[in-house]
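One structure is given below, encoded as structure tokens.
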There are 2 protein chains.
Amino acid sequence: MADQSTNTQTKILEAASRVFQRKGMEGARMQEIADEAGINKALLHYYYRSKDKLFLEVFRLAIHDFIPGIRDILFRDVPLTQKLDHFIREYMRVLLENPFVPMFIIHELQRDPDRLFQVFVEAGIDPSEILQQVERSLKDNDHRSMDPKHLMINVLSLCIFPVAGRPLLQRIMFDNDGRAYEAFLEERYQVVSNFVINALQS
Amino acid sequence: MADQSTNTQTKILEAASRVFQRKGMEGARMQEIADEAGINKALLHYYYRSKDKLFLEVFRLAIHDFIPGIRDILFRDVPLTQKLDHFIREYMRVLLENPFVPMFIIHELQRDPDRLFQVFVEAGIDPSEILQQVERSLKDNDHRSMDPKHLMINVLSLCIFPVAGRPLLQRIMFDNDGRAYEAFLEERYQVVSNFVINALQS
DNA sequence: ATTATATTTGACCAATTGGTTAAATCATGT
DNA sequence: ACATGATTTAACCAATTGGTCAAATATAAT
């Protein structure tokens, strides 16, 4: 049935997302994805003809689930500090739900830049308007002057790296204590928010 | 000759580093490494018996070239702000020379955590003493109080992410203008230094 | 010249892996 | 009961890939 069909399809996509995000396109095995989805390889190819097509779909999903939503926050008419605070909280939340996505995107983009960047283009992602927003907010109030690009990348760095770098950071700085690192990430929203807002104070 | 021998060996290691760092363990092909080194596959296996052994050597090198040196800066007896400034400048310099290393380390560590983390253990990397240093410096002067772990990860994030995320950031925010992004990264040392030091001001 | 080592060449093997196929079975709605 | 599509099973194929081997050649030291 169509019900079963879409059900299996999403089961496949979710399984493929997990495997691809953890092991990358080249590291992932179709058999492993089939196992993770609880089906067999034949059915996997029955739904997605090739590894490449399946991967592209997963990559598309990762970007669509991840990139938008950010825009909305930045376009509310509130002071910059509040805007930053909202963004950091919201973005950290999304990150914690999809901790492997940033690394996944960057790694795959390095492997096949031109083709995969098309996915961004198709998704209509355009940070220039976001940058303009940040720029306007920066001029209004009495903050230190700062290149909006640097500010934006600073915020992204502070949010993304601790999540993406977890396999290294948790082991090297937290004795591989998963719970301690969870707690660290949880409290991090406040820390980053304070850090950024303070850095902007003149 | 021993001369030729070591010469070829380093040629192989450098080639393997480039290929492994860009494509990862699973994405790299022995043939590609041989080509990049200007030799053939048989000779490649003559020097390094297996892909696994070659990879492990490359991973070891990446860590040894990368992690140390940081320590030395942080142990000089200078005020925290100056220490941070030195660190950021030095670390950014190393990063620009090895832009693929952080992603490489994190990605591979995710693939095979337990085994690869051994390389860190063998290298005797221990951030606890570094953390103590930062903690002491934080208490001495009139800064905002702050968890040294968060501070350290903030600094690392601000340095590493813009370099590691280049394949995405350059395309999405700089119209894929490589020179513009170079310039952006060059001026970034000052920006990050100011940003961090300002964020710590009470 | 001889020896030893480095290097090349090209063929080759075994295992893995993406992908296919055909037939059987299961489930469901009509 | 019948038809239809979902799913399984298991065998299979072709290409890739890590790795091996043996013989030929080059290079230098002795």
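What's counted below: heavy atoms across the whole structure, side chains too, no hydrogens, waters or symmetry copies. So that the names make sense, note that chain A is the first sequence line, chain B the second, and so on, each numbered from 1.
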Atom pair distance, as rounded to whole Å: CG in A:Asp52 and C1' in D:dA15: 16 Å
Identify whether any heavy atom of B:Ala34 sits under 4.0 Å from a base atom; if not, whether one sits that close to sugar-phosphate; answer base, sugar-phosphate or nothing. nothing
Whether A:Arg111 engages the ring of A:Phe55 as a cation-pi pair (distance to the six-membered ring centre under 6.0 angstrom, angle to the ring normal within 45°) should be assessed. yes
Would you call A:Phe20 and A:Ile33 a side-chain contact if the rule is heavy atoms closer than 4.5 Å? yes
Whole angstrom is fine here: how far is it from CG in A:Leu44 over to P in C:dT17? 15 Å
When you look at A:Phe100 and B:Gln110, which way does the side chain to side chain contact (heavy atoms under 4.5 Å, CB included) test go after all the steps? CA-CA 10 Å; A:Phe100 301 105; B:Gln110 191 162 31; 2.5 Å; yes
Geometric cation-pi criterion, B:Lys149 with A:Phe174: 6.0 Å, 45°: yes
The nucleotide from D:dG19, C:dG19, D:dA6 with an atom nearest the side chain of B:Lys41 is D:dG19
For the pair made of CG in A:Leu54 and P in C:dT17, what is the distance, rounded to whole Å? 16 Å
Which residue lies toward the 5' end of DNA chain C, A:Arg49 or A:Arg29, if each is placed at its nearest nucleotide? A:Arg29
Length of the line joining B:Asp35:CG and D:dT17:C1', which is rounded to integer Å: 14 Å
Do any side-chain nitrogens or oxygens of A:Tyr47 fall under 4.0 Å of OP1 or OP2 in D:dT7? yes
From CD of B:Gln9 over to C1' of C:dT5, roughly how many Å is that when rounded to an integer? 14 Å
Please pick, from D:dT8, C:dT7, C:dT8, the nucleotide with the shortest atom-to-atom distance to any side-chain atom of B:Ile39. C:dT8
Non-neighbouring partners of A:Tyr189 that pass ring pair (Phe, Tyr, Trp, His ring centres under 6.0 Å), sequence neighbours left out: none
Is the phosphate of C:dT7 approached by B:Tyr46 (side-chain N or O, under 4.0 Å from OP1 or OP2)? no
Donor-acceptor pair under 3.5 Å, B:Lys51 side chain vs D:dG19 base: no
Heavy atoms from C-beta onward define the side chain here; which of C:dT8, D:dT7, D:dT9 lies closest to that of A:Ala42? D:dT9
Using the side-chain heavy atoms of A:Leu43, tell me which of these nucleotides is nearest: C:dA6, D:dT8, D:dG19. D:dT8
For A:Ile33 and C:dT16, give me the distance from atom CD1 to atom P, rounded to whole Å. 18 Å
Presence of B:His45 side-chain N/O under 4.0 Å of D:dG19 phosphate oxygens OP1/OP2: yes
Side-chain N or O of A:Thr8 versus OP1/OP2 of D:dA6: is the shortest distance under 4.0 Å? no
So, A:Ser128 versus A:Asp126: side-chain donor-acceptor pair below 3.5 Å or not? yes
For the residue pair B:Gln118 and B:Asp114, confirm or rule out a side-chain donor-acceptor distance under 3.5 Å. no
Residue pair B:Tyr46 / B:Ile12, side-chain heavy-atom distance below 4.5 Å: no
Relative orientation of the end axes in the helix from C:dA1-D:dT30 to C:dT30-D:dA1, expressed as an angle to the nearest 10° (five pairs per end): 10°
A:Met30 has an atom CE; how far is it from atom P of D:dT16, in whole Å? 17 Å
Whole angstroms only, please: what is the CG-P distance between A:Asn40 and C:dT17? 18 Å
